[in-house]
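Notes for the one structure printed next.
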Amino acid sequence: FSIIFAGAFFIIAWNPRQYLQNNYLLMLGIAYFFIGGIDFIHVLAYAGMNIFIGYDANLPTQLWIIARYMEAFTLVIAPLMFDRALKPYRVFGIYAATTVVLVTAAFVPGLFPASYVEGSGLTFFKIASEYIICILLLGGIVLLWRNRNHFEDDIFWLVVASIVCTICAELAFTFYVSVFGFSNLVGHLFKLASFALIYRALVVSAFRRPYDTVFRELRQSEETLRKERDSLQQYLDIAPPMFTVIDRNGNVQLINRKGAEILGYPPEEIVGKNWYATFLPSPIRNEVSSRLGNLIADKIQPGDEIAENLVLTKGGEYRRILWHNTVIRNADGMITGTLSSGEDVTDIHEAERDLHLKNAAIEATQNGIALLSMDGTVRYANAALTKMIGYDDETALVGRSVLDIGENGGEQVQVILHEIAETGSWFGEQHGTTADGRSIDLLVSATVISDVRGEPMNIVVSFMDITEMHRYRTALREANK
């Protein structure tokens, strides 16, 4: 029966090996195939079977020791294989070669230590080996205990009970003198119980509860992946950018909290929807689809990895997003989708547009506009002011001091700058000379700009050319005289 149990164990462990990630179960299945094979030869080697002529009771005893050593070492090594790669055919080959070598050594006189002597009973090697095997089996229980999370509780205890029965069998085999004695019978009964428990734990349970045994590791892997996905989702949710994962069909597989906030939907209403049809304005759908399609086809074009486009929110609003795109590959290296991080630059674009409009308005005005540092150095001058002062180059005034303007030199202007710094503004008329030597009268309005802390930063100055007005005023006075 123990040989039948071993064969059944091998079948249930070997056939689903491409799905079976529990290396302990797979390694035991392979090992018990050869252990059962050695036990079968052990049965055939008994004198009463009359199959191996010329051999006494030493041969089956040697085969027994070989099988038990193989079983003990397997139960010690197998718990160490849970988190390591296991190549089934290589393991099968190692056990096959080991079995051939050891069984051959048992059949060739003098190669394997004697285990039983007719008339004397068990040898020292046989008795010592049984105790060594017991110690190894105890070590197997300890290692199995450390990895008990890989088993359901009831199956774990069945495996432990099986190993304990094996230990009892080995201890029983240290006492007999005759291979047909009572101690030998007790040892075989414990061995039968051991194999029956293994059968119960790993074969019957596998048929009755396949998802709890053969595919239990697969379930654990799925649970691990789910936890990793949830952890990733938590990390992405606290990240400032918007993150999306889109599959090859254009459907949203993942979106973080920021992305959901921008689009105005709960995350569960976004995942599964087609990105192009649901969240993009119709005029740009083909463009964005082509861009991400190039990434998925591994035919990246300039502008595919970093690009801007509008997205359509639930409220019908358009938001402009700056995207950084990359591809996602599976374990085989095949591209399965795209991962995109996006920054909402709508407000930045609006600010840039407003700034452009303000600059355009400043450039279009007939008044001269200048931005000065607090010491009077020109940092900006519009085209009207540049022309007003008599320059063709718009940068001619930048970097120069306003102390160059004014008929009374820099002293009067210095007084004005001091007053601006004290009061925050100044309004009045100034007379100066242009770059081409013309006399010019200016109506000047100056205001201080402060930072968020209230500290003065710059002075904005408006200049109006009132030279002609002065001429009319002078002419009118002369006419009245």
Side-chain angles (χ1 to χ4, degrees), residues 1-45 52 59-108 111-113 115 129-130 132-141 143-144 147 150-151 159 162-163 165-167 169-170 191-192 194-199 201-203 206 213-214 217:
F1 286 106
S2 63
I3 297 170
I4 294 174
F5 291 155
F9 185 14
F10 169 74
I11 291 171
I12 197 60
W14 180 262
N15 287 333
R17 63 189 179 279
Q18 63 268 34
Y19 308 108
L20 188 62
Q21 298 183 24
N22 188 322
N23 292 335
Y24 184 89
L25 175 60
L26 181 56
M27 187 170 180
L28 258 63
I30 296 172
Y32 271 86
F33 174 76
F34 292 98
I35 293 168
I38 297 173
D39 282 341
F40 181 67
I41 300 174
H42 161 77
V43 172
L44 298 179
F52 302 118
L59 177 60
T61 309
Q62 289 176 317
L63 292 171
W64 173 270
I65 285 295
I66 290 172
R68 302 292 73 78
Y69 264 123
M70 184 176 290
E71 183 179 5
F73 277 112
T74 298
L75 291 170
V76 170
I77 296 172
L80 304 177
M81 302 304 295
F82 277 116
D83 299 319
R84 299 186 183 183
L86 186 68
K87 297 181 179 180
Y89 286 100
R90 177 177 294 182
V91 174
F92 190 93
I94 292 173
Y95 273 97
T98 304
T99 300
V100 169
V101 170
L102 293 177
V103 171
T104 301
F107 274 89
V108 177
L111 285 184
F112 195 86
S115 298
S129 292
E130 297 290 6
I132 292 172
I133 290 169
C134 290
I135 293 172
L136 291 173
L137 292 172
L138 288 173
I141 293 176
L143 293 173
L144 190 63
N147 294 275
H150 292 273
F151 293 94
V159 175
S162 171
I163 298 176
C165 285
T166 302
I167 294 174
E170 298 309 307
K191 177 198 170 187
L192 179 60
S194 170
F195 275 63
L197 289 168
I198 281 285
Y199 176 84
L202 303 177
V203 179
T213 52
V214 176
E217 194 70 22

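All residue numbers refer to positions in the sequence shown, counting from 1.
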Could you tell me which residues satisfy side-chain contact (heavy atoms from CB on, under 4.5 Å) with Ile135, sequence neighbours excluded, listed by chain and number? none
By side-chain contact (heavy atoms from CB on, under 4.5 Å), Ala67 pairs with (sequence neighbours left out) Ile35, Ile38, Asp39
Got a sec, which residues hit ring-ring contact (aromatic ring centres under 6.0 Å, His included) with Phe112, two or more places apart in sequence or on another chain? Phe125
List the residues meeting ring-ring contact (aromatic ring centres under 6.0 Å, His included) with Phe107, not counting sequence neighbours, and say none if there are none. Phe52, Tyr55
Quick check: closest heavy atoms across [X] and [Y], and the distance to 0.1 Å?
{"X": "Leu28", "Y": "Ala78", "answer": "CD1-CB, 3.4 Å"}
{"X": "Leu136", "Y": "Ala72", "answer": "CB-CB, 3.9 Å"}
{"X": "Val76", "Y": "Pro79", "answer": "O-CD, 3.3 Å"}

Among Val101, Val100, Ile94, whose side-chain contact (heavy atoms from CB on, under 4.5 Å) with Thr98 holds? Ile94
Check whether any side-chain heavy atom of Glu71 lies under 4.5 Å from a side-chain heavy atom of Ile133, and answer yes or no. no
Taking the side chain as C-beta and beyond, is there a heavy-atom pair between Ile167 and Ile141 under 4.5 Å? yes
Apply side-chain hydrogen bond (donor to acceptor under 3.5 Å, both in side chains) to Thr74 and list each qualifying residue two or more places apart in sequence or on a separate chain. Tyr95
Are there over 12 heavy-atom neighbours, none belonging to Tyr69, within less than 6.0 Å of that residue's OH? yes
